[in-house]
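I have placed the structure first, in the form of structure tokens, so that the comments after it can refer back to it.
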Amino acid sequence: QDLEHIANEFPGVEKSFAIAAGRELRVMVQNSQVNDEQAVMLSREIAKKIEQDMTYPGQIKVTVIREIRATTLAK
């Protein structure tokens, strides 16, 4: 929950999920607010914030997911 709370504080974050017993954090961002370069920077910023605010053994993997969907109907 702490991991999810940290990630959700950043702008453009839609939702986040702590998985694998807190060893991995998946962050879904809004495609319209976060571009590809910002997604890379966001993952670094979240990782830094986790390092500053939390104590934990081992490592936590932060994955930022920016999804785009294109749909066209053929008539």
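None of these values were measured; they are calculated from a predicted model.
Between Asp2 and Met54 the shortest heavy-atom distance is CB-CE, 4.0 Å. Closest non-hydrogen pair, Gly22 versus Leu3, comes out as O-CD1, 3.6 Å.
With sequence neighbours excluded, no residue satisfies salt bridge (charged side-chain N to carboxylate O under 4.0 Å, His left out) with Glu14. Scanning for salt bridge (charged side-chain N to carboxylate O under 4.0 Å, His left out) contacts around Asp53 gives Lys49, with sequence neighbours left out.
Looking at Ser16, its side chain does come within 3.5 Å of a backbone N or O of Glu4 through a donor-acceptor pair.
One side chain, Glu9 or His5, offers a donor N or O that lies under 3.5 Å from an acceptor on the other.
The closest side-chain heavy-atom distance from Met28 to Val13 is not below 4.5 Å. Looking only at side-chain heavy atoms (C-beta outward), Ile46 and Phe10 come within less than 4.5 Å of each other. The side-chain heavy atoms of Gln38 and Ser43, taken from C-beta on, include no pair separated by under 4.5 Å. Counting heavy atoms from C-beta outward, Glu24 and Ile60 have side chains that stay 4.5 Å or more apart.
Rounding to the nearest 0.5 angstrom, the gap separating the CG atom in Leu25 from the CD1 atom in Ile50 is 5.5 Å. To the nearest 0.5 Å, the span separating CD on Gln59 from CD on Glu51 amounts to 10.0 Å.
Under the 4.5 Å side-chain heavy-atom criterion for ILVMFWY residues, a single connected hydrophobic cluster contains both Ile6 and Tyr56.
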Do any side-chain atoms of residues 62-75 form donor-acceptor pairs under 3.5 angstrom with protein atoms, and if so which ones, sequence neighbours left out?
residue: Arg66; atom: NE; partner: Asn31; partner atom: OD1; Å: 3.0
residue: Arg66; atom: NE; partner: Val34; partner atom: O; Å: 2.3
residue: Arg66; atom: NH1; partner: Asp36; partner atom: OD1; Å: 2.7
residue: Arg66; atom: NH2; partner: Asn31; partner atom: OD1; Å: 2.8
residue: Glu67; atom: OE1; partner: Arg69; partner atom: NE; Å: 3.0
residue: Glu67; atom: OE1; partner: Arg69; partner atom: NH2; Å: 3.0

